[in-house]
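Note that this is a predicted model, so its numbers are computed, not measured. Along the sequence shown, residues carry numbers from 1.
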Amino acid sequence: MRSLPVALIFFLFCLGCHAAEQQQGDGRTENTSAGKNESLGAAADSRAAGQAEGGTEVPPPDTGSSGPANGPAGEPKNETDSEPPEPDALPQGRREGRGGHLSHIEVGQARGDWLALLKEHVPELAGNSEPQNVNPAMLRKLRRDIGGILATEGYFSPTINFDTQVSGTAGGIDRVLVNIEAGPRTAVKSVSLSFSGALADAAKAGRADAIQRRDAIISAWGLPQGAPFRDDDWARAKNAAIENLRSDTYASASISDSKASVGAEEQSAALQLELDSGPPFTLGDIVLSGLERYPPILVDRYNPPRKGENYSRSRLLEFQRALQNSPYFTTVSVSVDPDPDKADNVPVEVNVVERRSRDLGFGLGYSTNTGFRSEVSYRDRDLLDKAWDMRSAVRLEQRRQLAYADVYLPPRDAGYLDSFGVLADRADVSGLLVTRTAFGIKRTSTRGHLEQRLGANLSRERAEPDGEAATFTKALVGTVGWTWRDVDDSFAPRKGQIYQLDFALSEKALISDQRFIRVYAKHQRWIPAGKQDGFVLRAEVGEVFSPSINGVPEDYLFRIGGSNTVRGYGYQSIGIDQGNAVTGGRVMTAASAEYVHWLKESNWGSAVFVDVGGASDTWKNIDLKQGYGVGARYKTPAGPIALDLAYGKQARKVRLDFSIAIAF
């Protein structure tokens, strides 16, 4: 029984010690700096994912406080010693979460280009974050994440302070301000770039091409001495160097050694990189898969790489692009196996997915030029089982009716694309009814930016001006033309230019009713203005040289007006007045200037423009018409749709120009 008071006294003593320890723990504050002995946080790990081969030797950030409490420099610290002091306990009456206290975490004093990265990769610092369950473990993790992100930007000695601001109302939400001083940024002190493999051996042997290739990679190195050291820049520089090798000849090139030694005290980084080129690759036979409907010789028509050629990624991409742009395949993949043991005559693997051979399409549309439109189209990509691509359609418009069938043959080895076709066309525009049938052949070739066209057309035409007798003409016309196209986007250019020059020749002794030479030239230019806007400039001129206008088909004469030439005037309403009709003239010129403004992060835009142009029988009699106005633009995958409101100065009328087509 005497032992009971002794046990009771011992129990009360232990209880008092525990209460004293709890009170002492509640009085700690937070004022720490991130230094050099803690591993990079999860946020930094996620940001570094997907970077180039090789590692970065950097001193990890420290979560301990700066000052004597950390012990002598270089002396190891145990886990307890490295823990920084935690913030003061929050006042009574605050809402508490499990193991902590609910507070808003906000960025306090922090300035630098790295701040946006912290807000993007550290969820607690996002502007719309919910109140956080603040506790010591959470603050340690937050400090590690911030230090890790800053380390990827080259800041290895940041100072991070937490400042608690207590809410003035009972049960309110407190604020924890994160004050960050990034410290000095680490810069590249030295770069050592070395090579091994076949490229290094060839350079040592004195081969000029190998020496030039090696020196070009060194001179193009993207992280030179004195540049700020950032993980992203380091990864990009390594990727650029190795991809330079892999893009041509050395398909299996790799990084054999990669090291970035960072001295946080000196704020400097010493970079070392060794590139192994591996053996030179040469291309072998084409290995086809997925080809079922068409003969293998079809692929040979698209200029494949020849056996024995040096490996070139751009050469394979050019071949892949040619197949992809053909009418026969929906998907094309061209690749080689970068196994260094197969470097000699490595097979070129071509995998294709064929398109359906036949398509039937329907469409509706409207244009202020020719009115409402309906269309039925049919396409057969394997006509007569010869891989001939036939494209045909019947199009019915209010002022024009058209039927055609064109057949495109597979390209020839030299890159020529041959085609032939028939056409029946009836148009009743500006008081002139023209009915035309024609048969034509054409050869097209493309070399870089230049497209060349050669052709011949046999046509028969009936032209009937309103209130006058019809005339009949026939002509056998040879044509040649060139288009030089250099634009940043084929469907919606913003920068670039196009030049076009066409000649047409007809001889009276060969079927034609009149001897003539037709010349037409056009230049169009896109000039960017600011980040989104731009100017569109256009100029065109044409002339028909002939003893007389009689006997020249209307299709080779010039009428202008409408959305594509001079807005504010009716479609093909500018030419030679003949009674109630407008017929074509032998000379023509037109020009246009347009400024387009696109709304930020939107497909909508607006435009202002001015057009001028005229057509007549002689230059002396030409009367230039002017139109100007405003318009709306809308971007689509097939190019922008335009709705223009134009005022024709000479016509003294306001006209709406618009065109849209929907296929289904």
Hey, is CD on Gln212 packed in by over 12 heavy atoms from elsewhere, all under 6.0 Å?
no
Is a side-chain N or O of His523 found less than 3.5 angstrom from the main chain of Ile498, in a donor-acceptor match?
yes
Any chance you could measure Arg246, atom CZ, to Ser277, atom OG, to the nearest 0.5 Å?
12.0 Å
Distance from Ile180 atom CD1 to Phe162 atom CZ, nearest 0.5 Å?
8.0 Å
Using only atom types and a distance under 3.5 Å, with no angle test, would you say the side chain of Arg355 pairs donor to acceptor with the backbone of Phe329?
yes
In Å, rounded to the nearest 0.5 Å, how long is the span from CD of Gln524 to CG of Leu537?
9.0 Å
Salt bridge flag under 4.0 Å for residues Arg111 and Glu181:
no
Check the side chains of Asp248 and Tyr311 for a donor-acceptor pair under 3.5 angstrom, ignoring hydrogens and angles.
no
Criterion salt bridge (Lys or Arg N to Asp or Glu O under 4.0 Å) on Glu153 and Arg185, from CA distance to verdict
CA-CA 8 Å; Glu153 292 295 298; Arg185 194 173 204 174; 3.5 Å; yes
Return yes if some donor-acceptor pair links the side-chain N/O of Thr483 with the main-chain N/O of Glu451 below 3.5 Å, else return no.
no
Which label fits Trp484 and Tyr499: parallel for a plane angle under 30°, tilted from 30 to 60°, or perpendicular past 60°?
tilted
Please enumerate all residues that pass ring-ring contact (aromatic ring centres under 6.0 Å, His included) together with Trp482, with sequence neighbours excluded.
none
List for me each residue that meets ring-ring contact (aromatic ring centres under 6.0 Å, His included) alongside Tyr328, sequence neighbours excluded, and say none if there are none.
Tyr294
Please collect all salt bridge (Lys or Arg N to Asp or Glu O under 4.0 Å) contacts where either partner lies in residues 333-347, sequence neighbours excluded, each pair once.
Asp337-Lys342
Whether the side chain of Asp488 engages the backbone of Arg494 through a donor-acceptor N/O pair (distance < 3.5 Å, no angle test) should be reported.
yes
Within-4.5 Å side-chain heavy-atom neighbours: Ile146 and Leu125:
yes
Side-chain (Ser219) to main-chain (Ala216) donor-acceptor, under 3.5 angstrom
yes
Go through the steps to decide whether Arg236 and Asp233 satisfy the test salt bridge (Lys or Arg N to Asp or Glu O under 4.0 Å), and finish with yes or no.
CA-CA 5 Å; Arg236 275 194 292 266; Asp233 293 341; 2.6 Å; yes
Measure from the side-chain N and O atoms of Gln497 to the backbone N and O of Val487, and report whether any donor-acceptor pair falls under 3.5 Å.
no
Rounded to the nearest 0.5 angstrom, the CZ-CG distance for Arg485 and Leu450 is 10.0 Å
Please check: side-chain N/O of Asp533 versus main-chain N/O of Trp598, any donor-acceptor pairing under 3.5 Å?
yes
With sequence neighbours excluded, what pairs up with His597 under the ring-ring contact (aromatic ring centres under 6.0 Å, His included) test?
none
Is there any salt bridge (Lys or Arg N to Asp or Glu O under 4.0 Å) pair reaching into residues 311-328, and which pairs are they, with sequence neighbours excluded?
Glu243-Arg313, Glu309-Arg315
Crowded around Arg447 CZ? As in, over 12 foreign heavy atoms under 6.0 Å?
yes
Report yes or no: does Ser254 contribute a side-chain atom to a donor-acceptor pair with the main-chain N or O of Ser256 at less than 3.5 Å?
no
Please work out which of the three classes, parallel, tilted or perpendicular, describes the rings of Phe229 and Trp234, given edges at 30° and 60°.
tilted
Take Lys141 and Asp145 through the test salt bridge (Lys or Arg N to Asp or Glu O under 4.0 Å) and record every step on the way to the result.
CA-CA 6 Å; Lys141 178 182 180 300; Asp145 290 348; 2.8 Å; yes
Side chains of residues 189-199: which donor-acceptor pairs under 3.5 Å do they make with residues two or more places apart or in other chains?
unit_1, atom_1, unit_2, atom_2, d
Ser196, OG, Glu274, OE2, 3.3

